[in-house]
Engineer: 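Got a structure for you, questions after.
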2 protein chains.
Amino acid sequence: MPDPTTQEPAPEDPRPGTAAPAHSAADIAAAWQRERPGTPTDSIEVVTPIWWLGKLFADDRARVLREAGIDAATLDLLSVLRRSGPPYALSTRELARRTLVTAGAISQRVARAERDDLVHRSGSPAGGRTVLVTLTPAGHALIERSVDAVLGREATLVAGLTPTERTTLTTLLAKLTTDVRHRTQP
Amino acid sequence: MPDPTTQEPAPEDPRPGTAAPAHSAADIAAAWQRERPGTPTDSIEVVTPIWWLGKLFADDRARVLREAGIDAATLDLLSVLRRSGPPYALSTRELARRTLVTAGAISQRVARAERDDLVHRSGSPAGGRTVLVTLTPAGHALIERSVDAVLGREATLVAGLTPTERTTLTTLLAKLTTDVRHRTQP
DNA sequence: TGCGTTATGTTTAGGTCTAAACATCGCAAC
DNA sequence: GTTGCGATGTTTAGACCTAAACATAACGCA
């Protein structure tokens, strides 16, 4: 019965009872249906490619950044500060909000970046207990020469999509993001 | 000049020179253009939503799994074994190939799962130095009651897309994946 | 038989993240 | 004033991953 549409080469020794390898989202869904009929596999062909693409982009970005002498976490930190405009300073809280990691992670990121003289903490000029994290000249220089490398590279990765396809994809991703946020946050 | 299309509330104290917060991919691209005209921002509206969606799905899955008493790494391991069909046994190498993590990570995942009596290692029945990792009855029972919870939940998260939209999205993601693989692997 | 090569697993060092425990600071109610 | 609460940062314990160093085991071949 199993007539799986695989794209992988068949195993050298197809022992009876051994399923074929699955390496596309469709294969994974088919394998569940074969082994466990009725499994709710509707989401697999949407969720799985999104994860795989995220990993592909992340791995490629890591490769590019290694040559630039910076890691993804630091790039994220410096980017947010650079994009915020003069005076290139944000509180820990605000950095956490804009980077999707916890305040504790920001604290550690800032500690590493401060050790490398890319940012410095300044005791709160404005009220409260807030600490302002500011880009140093070295940090500004590093992000300046990293961002074009990273974004330029990623532009080539998505260049295979036509403008129409890209617009459609962006729209659908935005809709899905709204849906998921709506169903998970409240 | 800056007429940023933000969806966030304006900062309480808009000091001069301070950019508005950016919390959509379009806002991020606009912020780069405002602060650094000419930055190649073409990819941002594709790559960023993919990462954010990946994180939304991962966080939600972690929530569901916490109640089921299993973590995402273990779910991944047991799922691959369960989907492979009887006799629910695969080598370390093959597990690494199907889960997108390194062989070292598999070694550790298997060690944890073995400690919890979810799988057991069997000395190579077939040739070589290969170690077969096999699902135990407890592991089989755990994956059986976890997979419906996870996939059922995710089905509701993508239920807002019409069948047509879902097909279009799947197609575009597949095309992008092919492109990116082609440009990064060789 | 002896040796080098290749494939496979495991271990270890280092890095990063989250969750939770702590530590402050400002402020409001009284 | 002072007591308590809420917001903000930092620290720490635990989890998990990668890369690289180590082990073995099977093979090919002289």
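So that the names make sense, note that chain A is the first sequence line, chain B the second, and so on, each numbered from 1.
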Engineer: Show every side-chain hydrogen bond (donor to acceptor under 3.5 Å, both in side chains) that has at least one partner inside residues 110-121 of chain B, sequence neighbours left out.
Structural biologist: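 Matches after skipping sequence neighbours: B/E114-B/R121.
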
Engineer: Does a side-chain N-to-carboxylate-O contact under 4.0 Å join B/R183 and A/D60?
Structural biologist: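 Looking at B/R183 and A/D60, the cut-off is not met.
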
Engineer: Got a sec, which pairs hit ring-ring contact (aromatic ring centres under 6.0 Å, His included) with one end in residues 57-76 of chain B, sequence neighbours left out?
Structural biologist: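 Every pair satisfying ring-ring contact (aromatic ring centres under 6.0 Å, His included) with a residue in residues 57-76 of chain B: there are none.
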
Engineer: With ring-ring contact (aromatic ring centres under 6.0 Å, His included) as the rule and sequence neighbours excluded, what pairs involving residues 74-107 of chain A come up?
Structural biologist: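 Those involving residues 74-107 of chain A are A/Y88-A/H140.
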
Engineer: Angle between the end axes of the helix from C/dT1-D/dA30 to C/dC30-D/dG1, five pairs per end, to the nearest 10 degrees?
Structural biologist: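 It comes to 0° between the two terminal axes.
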
Engineer: Using atom CG of B/L65 as one end and atom P of C/dT18 as the other, report the distance to the nearest whole Å.
Structural biologist: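 Rounded to whole Å, this separation is 17 Å.
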
Engineer: Does A/R93, at its CZ atom, have more than 12 non-hydrogen atoms belonging to other residues, nucleotides or ligands within less than 6.0 Å?
Structural biologist: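 Not more than 12 within 6.0 Å, no.
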
Engineer: For DNA chain C, what residues of residues 70-79 of chain A have any heavy atom nearer than 4.0 Å?
Structural biologist: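 Residues of residues 70-79 of chain A that come under 4.0 Å of DNA chain C are, in numerical order, A/D71, A/A73.
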
Engineer: Please tell me which of the listed nucleotides, C/dT18, C/dT10, D/dC17, lies nearest to the side chain of B/A105?
Structural biologist: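 The answer is D/dC17, which lies nearest to the side chain.
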
Engineer: Can you tell me which nucleotide in C/dT10, D/dT18, C/dT18 comes closest to the side chain of B/K55?
Structural biologist: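 Ranking C/dT10, D/dT18, C/dT18 by closest atom to the B/K55 side chain puts C/dT18 first.
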
Engineer: Using a 4.0 Å cut-off on heavy atoms, which residues in residues 106-119 of chain A reach DNA chain D? List them by number, or say none.
Structural biologist: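 Nucleic-acid contacts, sorted: A/S107, A/Q108.
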
Engineer: Output the single nucleotide from D/dT10, D/dC17, C/dG9 whose closest atom is nearest the side chain of A/R121.
Structural biologist: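 Nearest nucleotide to the side chain: D/dT10.
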
